[in-house]
Amino acid sequence: MDSPPTVLDSSTILLVGTNDWITQLAATLKVRTDATVQRVRTKSETIDVIRTHTTDCLITEYALGEATGLELLREIRAETTVLPVLLGTAVGSEAIASEAIEAGVTDYIALTDPPEQMTDEFIERTERAIRSAQRSATQRERARQFDAIFNDSRTATWVLDPNGALARVNETARRMIDEDIKAIIGEPFWTLPWWSQADATEAEVHQIVENALDGTFRNIVVPQPQHIENPRVIDLSVRPVENEHGDLVSVVVEGVDITERVDLERDLRQSEELHRVTLNNMTDTVLITNEDGKYTYVCPNVHFIFGYTADEIHGQGEIGDLLGDNFFDRDELATEGVLKNIETTATDKAGNEHTLLVNVREVSIQDGTLLFSCRDITKRKQREEALATLQETARDFLYAETHQEIAQHVVDDTPGVLDLDASAVYLFDADTNDLRPAAHSVTMREMNGPLPTVHADGETLPSFSFVEGETLFFDDVHDADRLENRATDLRSATYIPLGNHGVFIAGSNQVGVFDDVTRELADLLAATAEAALDRVTRESRLRKQDRTLQGQNEQLIALNRINETIREIDQALVQAETREEIDYTVCELLTADDRFRFAWIGTVDPTTDTVEPRAWAGSERGYLDSRSFAVNVSDTEPAGQTAATGNVTIVTNVAAGLRDEPWRKDALARDYLSVLSIPLVYNDLTHGVLTVYAPTQNAFDDTTKAVLSELGETIASALSAIERKNALLTTSITRVEFTVDDSAFILSRLAQDGACTLSYQGGVQQSTEGIYVFVTVEDGSLENVAEAASQLVAIDDVQQISTEGDGGVLRLRLTQPFLALELADHGAILREATADPTSTTLVIEIPNSIDVRTITQLVRETFSTVELRSKQTLDQSIEHDLYSKFLEKLTERQLEVIQTAYYSGFFESPRESTGEDVAETLGISPPAFYKHARTVQRKLFATIFEESNLSLTGSRK
């Protein structure tokens, strides 16, 4: 029977030396074992073999010739510390043994017996040395493996002693905390900073350590406390470590950072939850079928579109029953892999039809091959159709010209846009501050009854929406506080303001009909209507502005034409030298174009009390011969009315009242459709009446009336100027004497207040400061009269010019027009005016070219009581001519200076006033006074001697 194999059988043994026992041992090993035996003789050979071949054990004798076994041992130990080395010697001693042990010998054998007797002991010791070396190698390998595991950068490792206290910790675990590791070595593991801040975690760690101390393996997942920077989630595994006797020698705790895994698992759970919630709540529905159309998956939210539960859909059979057969091309899908936006229709559980967009794609999921993604576009289709209707409505609005038309269009199109039959539009009346129903549907009237006018005070729903500019939607309008008609059948209702134009109302007898789409469409319809109403308002305003501008342009054109005519008339008036020329020119120019058909000027004949024509032009056709123009305030031709009232008379439409006033028939027969009659008055003196006829109605607007009225004053002024000119040129005059009684006359009032006699014999001067009049005071104190004059409002300033006895001369500055100037404007001269406390006498010279009646009328209109005392005709051609020529040569200032000097007694001998006195009175320097005096004297003598052609000889005769 073969002996069992030993450790020597698989070992390589190196024998060193030449001794007999080495030889004997080599022979015995070869016979008894299968060991590989090598022999060398020297130290150098031994080192080479060790370096180049694997050797399990080395046996050497002490004496090696050139070296000793101790030297060889030391050199071997410099190469390796794990090779078993046995040293045998027959000459051993305790000193050699001690050195050998110190040098690291594995076993020291003293050869005390013959070699054949020592062989068995050598074999036994060799086997023991090899076994011990192999155990050490195994332990070293295990230690290296433990160190490799212990120092793993991915795992935190703690080594605990049999009491559970920390003995060792690797670098990975060190980096988890900021504590000094040396300070916590020896502390119970469960109290350490890695988890001691969380009571629950500390208890769990304590428990698994206790289990490990009892020999039980445990594994738990613990989170680190929040006080640790970047806390992690650790998977702890605790293993007890026992020796060969089964005794607990340590506990190894490994911690794997599973934070990322935990985060991933949490994210995965959240993703799954999100996926589940999304599928349950999204409006799109996903269906998966096999090739036969059988359902393999139904999205939980299938009821959103179809109204069925997922189980009910599964029970229906095939997808064709739901979406219809052959709604997509299978061959096309095979080619494309996916088909998008296939439009189809489906009926839900309640029987309502839905429009769907379906995407179909090939898949391989849960035994399914076709995935159907369904989107309900019913509302979108409805919205598209409504928008198409709204677009048509907007086009209709483009052709609407009134707010009423737009309101009716809104009501007519509401069913197509909102699918609501009840609607109405209120329009705002700014004049009454009311909202008035402009249009409403039949259904609105049936549900609500007649729509009342609503005051814009915010008290009712339409009024509140309009005033506040707020859109109102009600699921049930009966819940609204401002509902004015509680009997209405309306339930859902909306009130939308149309800007400043009104309110749009729409509704239904159903509750809650306004979804998001309907609300949006209602807003769009109202916004479109508001824009259309804005457009109509703008266009109406623009048309009104155009009409206004057109009217203004026409007025400007007409005004320019009449202004041109007025300018021509003004030029003609300046050049005219006779009354007849003025009359004829005015009439001719007024009718020179087609604006006025006929014009004439008439004079009132006091004997017949009629207006008699004196000049005319235009298309008359016997009109002046056919009519009698009586002076009357009514029922007569406009010329007669103007002559009676002294005011402008205008007839805008001759055809009106045709049968009431006979003159209208004759005027209408000649196409006189409007008439304007103007008094020719200047300084309250009438020179006749100008009457103009136009071929159109309303031809005389306010501007034309004002311009022609001013023209009447201009004509009258020109006629007055002609009369004054004629008065200066005439050689024959009529001298009339009046006695007047009127306390308002300044001379009469002053004579009464001063108890004196006042005489005016010329000397009126008008300047920018006022009107200056020289009066002679008789039979009274000059100072008392001056004091009385200063108290009168009509007198602004009083100056004493000269003193003679009880009287003298005063210069009065008047605040009101003086009679002499008014007479002068009409060509007459106030020659004398004498007033005493009881009466006043006026002497007026009137040229024969001026009607005495005109001046008499002026005097009678000026004073309350007038009596004509005398009237005589005089011829003063030479004196009058020289006087006129002389006055024409003087300036107003020169005339004022010479009058003041004359009445101051400067020309008396001896002089009553010096030149310096007169200059002081006038407020000028003495040289200026003397210059003016000499100039006036030179002009007077030039008039006498040069222009009259009188010689000294002739003058002496």
Side-chain angles (χ1 to χ4, degrees), residues 562 565-566 569 573 579 582-587 589-591 595-618 620 623-657 660-668 670 672-695 697-720 826 851 853-854 857-858 861:
I562 196 169
T565 302
I566 297 302
I569 292 175
L573 292 178
R579 170 195 289 265
I582 290 176
D583 292 344
Y584 176 77
T585 300
V586 169
C587 294
L589 292 177
L590 284 175
T591 58
R595 177 173 177 78
F596 302 121
R597 186 172 294 277
F598 179 55
W600 67 283
I601 295 176
T603 304
V604 176
D605 185 347
T607 60
T608 62
D609 204 21
T610 59
V611 181
E612 298 297 331
R614 71 172 188 252
W616 58 87
E620 183 254 345
Y623 181 73
L624 298 179
D625 293 330
S626 66
R627 301 304 311 160
S628 173
F629 304 99
V631 178
N632 199 349
V633 295
S634 63
D635 299 332
T636 187
E637 220 270 352
Q641 297 182 41
T642 297
T645 63
N647 299 322
V648 175
T649 303
I650 185 169
V651 179
T652 58
N653 183 8
V654 172
D660 298 332
E661 300 179 12
W663 70 269
R664 293 177 183 262
K665 181 178 179 181
D666 292 329
L668 195 62
R670 294 165 175 79
Y672 301 163
L673 301 185
S674 54
V675 186
L676 179 69
S677 187
I678 306 166
L680 304 180
V681 178
Y682 180 73
N683 281 345
D684 297 328
L685 187 64
T686 299
H687 292 273
V689 176
L690 169 64
T691 307
V692 183
Y693 303 83
Q697 295 180 4
N698 300 303
F700 302 100
D701 55 19
D702 292 341
T703 302
T704 304
K705 176 183 175 181
V707 171
L708 291 179
S709 296
E710 292 179 4
L711 175 62
E713 295 181 8
T714 303
I715 296 172
S717 175
L719 291 173
S720 295
H826 294 86
D851 192 345
R853 291 176 299 179
T854 300
Q857 177 187 353
L858 175 61
E861 290 176 352

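Here the OG atom belonging to Ser717 is positioned 13.0 Å from the CD atom belonging to Glu710, to the nearest 0.5 angstrom. To the nearest 0.5 angstrom, Thr691 atom OG1 is 10.5 Å from Gln641 atom CD. Atoms CZ and CG, from Phe598 and Leu590 in turn, are 11.5 Å apart once rounded to the nearest 0.5 Å. One distance of note links CG of Asn698 with CG of Leu673; it measures 10.0 Å at 0.5 Å rounding. We find the OG1-CG distance between Thr610 and Asn632 to be 12.0 Å, quoted to the nearest 0.5 Å. Here the straight-line distance linking atom CD1 of Ile601 with atom CD1 of Ile582 works out to 9.0 Å at 0.5 Å rounding.
Here the closest heavy-atom approach between residue Ala599 and residue Thr591 is recorded as N-CG2, 3.6 Å. What you find for Gly602 and Arg614 is that their closest heavy atoms are O-NH1, 3.8 Å. What you find for Ala643 and Val604 is that their closest heavy atoms are CB-CG2, 3.7 Å. Glu661 and Thr636 get closest at one heavy-atom pair: OE1-O, 4.3 Å. Annotation for Ala615 and Cys587: closest pair O-SG, 3.7 Å, computed over non-hydrogen atoms. Closest non-hydrogen pair, Leu624 versus Pro613, comes out as CD1-CB, 4.0 Å.
Here the options are Tyr584, Tyr623, Tyr672, Phe629, the test is ring-ring contact (aromatic ring centres under 6.0 Å, His included), and the partner is Trp600; only Phe629 passes.
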Check your understanding: Between Phe700 and Val692, does a side-chain contact (heavy atoms from CB on, under 4.5 Å) hold up when you go through it step by step?
Key -> CA-CA 10 Å; Phe700 302 100; Val692 183; 4.1 Å; yes
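Residues Ile678 and Leu711 have side chains not in contact (no heavy-atom distance under 4.5 Å, counting atoms from C-beta outward). Contact check for Val651 versus Arg664: side-chain heavy atoms found under the 4.5 Å cut-off. Residues Leu690 and Ile715 meet the side-chain proximity criterion, which asks for heavy atoms closer than 4.5 Å. Between Val648 and Thr642, the closest side-chain pair of non-hydrogen atoms is not below 4.5 Å.
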